There are 2 protein chains.
Amino acid sequence: MRIGELATKAGVSVRALRYYEEQGLLSAARSSGGQRHYLDDAVDRVYLIQMLYAAGLSSRTILDLLPCVDAKVNTPQSRAMLRAERDRIDRQITQLRQARKRLDEVIALSESPASGCTRTNTDASVA
Amino acid sequence: MRIGELATKAGVSVRALRYYEEQGLLSAARSSGGQRHYLDDAVDRVYLIQMLYAAGLSSRTILDLLPCVDAKVNTPQSRAMLRAERDRIDRQITQLRQARKRLDEVIALSESPASGCTRTNTDASVA
DNA sequence: CTTGTCCCTCACATGAACGTCAGGTTTTAC
DNA sequence: GTAAAACCTGACGTTCATGTGAGGGACAAG
């Protein structure tokens, strides 16, 4: 599979895939002409990378974690790193919950009819 | 209270506070000499801004939301926006949970003694 | 063998939330 | 009244994950 197909299948841009390779997150075989060729499991690898990016991890951190995910590295240090990142994610979830709670309060206030405006043109465009 | 004190109390940099003002998120009175002066509640306002930044909202989105938080704007549109952001946060939490779950699986694997390496130099440098 | 499509490598641009330095003013403390 | 500390306005620098050409090969189809 060449880069365009992988990009389509994984739902990311070609540029992003090249960037992942540059960061050491994704490797590819090269054809005689220099074109990248990927195996099918590259799609899952890209999914994983995206998931970790979405969780707020940096390229560098992902680079450190991937060998653990591949079960190729298993040292006390690597385990500590894994736990550290998991805890970071936990803290981030906590923060998000707080923000969500705060927004919910605002929403509740704005939807209860005690907000000062007696009659708004409610649910006119709510669909 | 001047900008330095607010920065200290709210735990952000002076530069950040000037940036918030530039983005319209935080207003300040000015002394005759042009220096910014804040009321005590500015601290909470900065906390709120930070919370929303931490939740992944952009300056622009926060700018749109703040009038709702201040209960100064309450229209069908603003309520829809609030719900949209809350839902975005929910989706983000879901993503984070997935990532966390994935990491937990890796951690479980690396801590169970079936990872291929029979005897690692475990807890030698764990402190 | 030529087109068209995909691919390659630079390399500069982008947006967000600041950091940082320059050069100058204001406030505070003694 | 003077010196230090804090503040001011630009304005350019930084980091990260890409976007966006420029200019030129690679490769399947006819």
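Below, read A as the first sequence line, B as the second, and so on, with proteins coming before strands; counting in each chain starts at 1. Here the structure is a predicted model, which is why all the values come from computation and not from measurement.
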Compare all side-chain heavy atoms of B:Glu21 with those of B:Arg36 and state whether any distance is below 4.5 angstrom. yes
Given D:dT18, is OP1 or OP2 found less than 4.0 Å from the side-chain N or O atoms of A:Tyr20? yes
Whole-Å distance between D:dT9 P and B:Leu17 CG? 13 Å
What's A:Leu25 touching, base or sugar-phosphate or nothing? Going by heavy atoms closer than 4.0 Å. nothing
Atom CD of A:Gln35 to atom P of C:dC7: distance rounded to whole Å? 7 Å
Which residue lies toward the 5' end of DNA chain C, A:Arg2 or B:His37, if each is placed at its nearest nucleotide? A:Arg2
Any ion pair linking A:Glu5 and A:Lys9 (charged N to carboxylate O, less than 4.0 Å)? yes
Between A:Ile3 (CD1) and D:dG25 (C1'), how many Å, whole number? 15 Å
For the side chain of B:Ser58, counting heavy atoms from C-beta on, which of D:dC8, C:dA17, C:dA11 is nearest? C:dA17
Does a salt bridge link B:Arg83 with A:Glu111, judged by any charged N lying under 4.0 Å from a carboxylate O? yes
Length of the line joining B:Gln23:CD and C:dG15:P, which is rounded to integer Å: 13 Å
Phosphate oxygens OP1/OP2 of D:dG19: is one of them under 4.0 Å from a side-chain N or O of A:Ser13? yes
Could you please name the option among C:dC7, D:dT18, D:dC12 that lies closest to any side-chain atom of B:Arg15? D:dC12
Could you check whether A:Arg45 pairs with A:Asp41 (Lys NZ or Arg NE/NH1/NH2 to Asp/Glu carboxylate O, under 4.0 Å)? no
Quick one: on DNA chain D, does B:Gly33 or A:Ser31 contact a more 5' nucleotide (nearest heavy atom)? B:Gly33
Would you call A:Arg91 and A:Asp87 a salt bridge, taking side-chain N to carboxylate O under 4.0 Å as the test? no
Quick one: is B:Arg36 getting a side-chain N or O under 4.0 Å of the C:dT26 phosphate, OP1 or OP2? no
Take the protein atom CD of A:Glu22 and the nucleotide atom C1' of D:dA17, then report the distance between them rounded to whole Å. 10 Å
Within the 4.0 Å heavy-atom criterion, would you say B:Arg30 contacts the bases, only the backbone, or no part of the nucleic acid? sugar-phosphate
Using whole Å, report how far CG of B:Leu63 lies from C1' of C:dA16. 15 Å
To the nearest Å, how far apart are A:Tyr19 OH and D:dT15 P? 12 Å
Would you mind reading off the distance between B:Glu5 atom CD and C:dT27 atom P, rounded to a whole angstrom? 16 Å
Please work out if A:Arg18 contacts a base, only the sugar-phosphate, or nothing of the nucleic acid, heavy-atom cut-off 4.0 Å. base
